[in-house]
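Protein chains get the first letters and strands the later ones, always in sequence-line order, with residue 1 at the start of each. Here the structure is a predicted model, which is why all the values come from computation and not from measurement. Computed over heavy atoms, backbone and side chain alike; hydrogens, waters and symmetry mates excluded.
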There are 2 protein chains.
Amino acid sequence: MALAGKTRKDVLQEFRTSELLDAARHVFALRGYHAATIDQIAAHAGVAKGTVYLYFDSKRELFLAALRQGILALHAEVAHQLRAAPTPQAQLQAFINARFHYFSRHPDLFRIYYTEFPQLATPTASSEFHDLYEQQAKLLESVLADGIRSGHLRPCPVPSTARLVYDLIRSALAQHILHEAADNPNPEAAVFQFIWKGISPS
Amino acid sequence: MALAGKTRKDVLQEFRTSELLDAARHVFALRGYHAATIDQIAAHAGVAKGTVYLYFDSKRELFLAALRQGILALHAEVAHQLRAAPTPQAQLQAFINARFHYFSRHPDLFRIYYTEFPQLATPTASSEFHDLYEQQAKLLESVLADGIRSGHLRPCPVPSTARLVYDLIRSALAQHILHEAADNPNPEAAVFQFIWKGISPS
DNA sequence: CACCCTAAATTGACCGGCCAGTCAGCCTCC
DNA sequence: GGAGGCTGACTGGCCGGTCAATTTAGGGTG
């Protein structure tokens, strides 16, 4: 299905693109945006520097594409998990757990997302990723709104609560992913508990 | 007293140094370490590029000096507040509040500290600021240990709890300082409450 | 007070290295 | 054999760092 109507050429190009994005994420996470060089990324992907420019227009484009692709994959996984969750409680857990699991598997991605480009770390500020953030915020808001409507959650101002919950999750994620000293076995459960106290019916 | 034994020249040099450190913090926070140029910092301090190198050996030195000076000032304020706090509860509050107040006044400093040089954000990792972190950790540990000894606090493993509390404070600070959308009126009180629940006698 | 004279502080043009981005040619596969 | 993907030496600009030239401060002298 993913191959529908695609020539051998298309497939090869997609493969190369994906290889480059992977290499880019790795090197950007390792060295930081400025210290990373196109040569390093190309070498890591096993191609020459010029090849990178056949697939991406500039270093910044490559960076943004690498970041965006990773975040889109995360969001797909979140959506997948959410679909299977029957109650608001389970949905919130899915929203949290999917993030922890995904970023545990892709610490590079989180490291870039959180460390590089300060303005990206505060998603409300206008940035290249505002649309992605907005979409997840809406998702969370609808989980809250549905839960309140059905009586599973205590009434609360939905947008500001969603924002708070979102920030809390990212903050805990940073703790978990960036600080290797992770003595806490399953931080996602702790985050959920904390949030749940705040929004479950007394 | 601060002028004891200092010539006019010394005072002028200190003033210039301090001006440069301020400008450096500002520009580094605004543009990030790599994107910031010495020319920009010099211009912001109202001097020429060459002058910067009369006071600091290199860009990195300047950066580290700017960061260190800011952190030392914070620690001085923390120590001052702590000295006035009679009980372990008040001491913990002082430890938290001093940080929130100081960084609210100096968001640039926090932005650099947290955003730049990922390895600096995790102070346990060996870095240029390990000594400063260690000193504050010891301070916090002694607050906890004293409190436990005097019965004001519930017994707990001191070093790991101190670490946890320290991380929690930094995490909440990041929330507060980096996200301009600070709808929460006094986050420091919330942090204190949260920590207090964990360590006060049942 | 005017005038120098020296030393120190400051300047900014310049250098060199680094790296994003280019492109003329090569190579490979059909 | 040729079309298109790939290469990597090359270029141009940027910026950290330098240093010879210039300005400023200040104090000694007539």
Side-chain angles (χ1 to χ4, degrees), chain A residues 3 5-68 112 116-118 120 128, chain B residues 3 5-68 112 116-117 128:
Chain A
L3 296 176
K6 290 185 183 164
T7 67
R8 172 179 173 73
K9 184 186 106 172
D10 287 343
V11 173
L12 282 176
Q13 284 208 349
E14 272 179 30
F15 181 71
R16 190 43 59 84
T17 303
S18 158
E19 268 189 331
L20 284 171
L21 289 173
D22 285 348
R25 267 194 301 277
H26 179 77
V27 176
F28 279 134
L30 200 64
R31 326 272 294 198
Y33 178 78
H34 286 276
T37 71
I38 298 290
D39 263 330
Q40 287 164 356
I41 293 169
H44 200 269
V47 298
K49 187 204 260 202
T51 306
V52 175
Y53 285 92
L54 298 177
Y55 291 85
F56 299 94
D57 286 344
S58 68
K59 184 183 183 182
R60 186 177 170 79
E61 287 280 311
L62 173 57
F63 174 82
L64 294 177
L67 192 41
R68 176 168 282 266
I112 298 172
E116 216 59 57
F117 283 136
L120 296 184
E128 284 81 359
Chain B
L3 297 175
K6 292 184 182 166
T7 66
R8 173 178 172 73
K9 185 186 108 171
D10 288 342
V11 172
L12 282 176
Q13 284 208 349
E14 273 178 30
F15 181 72
R16 190 42 61 84
T17 302
S18 157
E19 267 188 330
L20 284 172
L21 289 173
D22 286 348
R25 268 194 299 275
H26 180 77
V27 176
F28 280 135
L30 200 64
R31 326 271 295 197
Y33 178 78
H34 287 277
T37 70
I38 299 289
D39 263 330
Q40 287 165 356
I41 293 169
H44 200 269
V47 299
K49 187 205 265 205
T51 306
V52 175
Y53 286 92
L54 298 177
Y55 291 86
F56 300 94
D57 286 343
S58 68
K59 184 182 183 183
R60 186 178 171 79
E61 287 280 313
L62 173 57
F63 174 81
L64 293 177
L67 193 40
R68 177 168 281 266
I112 298 172
E116 216 60 57
F117 285 134
E128 283 81 358

For the atom pair CG (D39(A)) and NE2 (H44(A)), what is the distance rounded to the nearest 0.5 Å? 14.0 Å
Just so I know, are the side chains of V11(A) and E14(A) near enough to count as touching, which here means a heavy-atom distance under 4.5 Å? no
Whole angstrom is fine here: how far is it from CZ in R31(A) over to C1' in dC19(C)? 13 Å
Heavy atoms under 4.0 Å, any strand shown: does V52(A) hit a base, just sugar-phosphate, or nothing? nothing
Side-chain heavy atoms of F56(B) within contact of T17(B), under 4.5 Å: yes
Identify each atom pair where a protein N or O and an N or O of nucleotides 9-15 of chain D are less than 3.5 Å apart, giving names and distance.
none

Whole-Å gap separating C1' (dC19(C)) and CZ (R60(A)): 18 Å
When the distance from CZ of F56(A) to P of dG21(C) is rounded to whole Å, what number comes out? 13 Å
A side-chain contact here means heavy atoms from C-beta on lying under 4.5 Å apart; do L21(B) and L62(B) qualify? yes
Let me know the distance between CG of L20(B) and C1' of dA9(C), rounded to the nearest Å. 13 Å
For S58(A) and for V47(B), locate the closest nucleotide of DNA chain C by heavy-atom distance; then report the residue assigned to the nucleotide nearer the 5' terminus. V47(B)
Measure the spacing between CZ of F28(B) and NE2 of H34(B) and express it to the nearest 0.5 Å. 10.0 Å
Among dA20(C), dT10(C), dT11(C), find the nucleotide with the atom closest to the side chain of R16(B). dT10(C)
Value for NZ (K59(A)) from CG (L64(A)), rounded to nearest 0.5 Å, stands at 12.0 Å
Among dT7(D), dA20(C), dG12(C), find the nucleotide with the atom closest to the side chain of A48(B). dG12(C)
Give the rounded distance in Å between these two atoms: CD of Q13(A) and C1' of dA3(D). 14 Å
OP1 or OP2 of dC6(D) less than 4.0 angstrom from a side-chain nitrogen or oxygen of Y55(A), does that happen here? yes
Whole-Å distance separating the CG atom of L54(B) from the P atom of dT23(D): 17 Å
Write down the distance between OH (Y53(A)) and P (dG8(D)), rounded to a whole number of angstrom. 16 Å
Separation of atom CG in L62(A) from atom P in dG21(C), rounded to whole Å: 10 Å
Distance test, side-chain N/O of Q40(A) to OP1/OP2 of dC19(C), below 4.0 Å: no
Find out whether L54(A) and R16(A) are in side-chain contact, i.e. whether some heavy atom of one side chain is under 4.5 Å from a heavy atom of the other. no
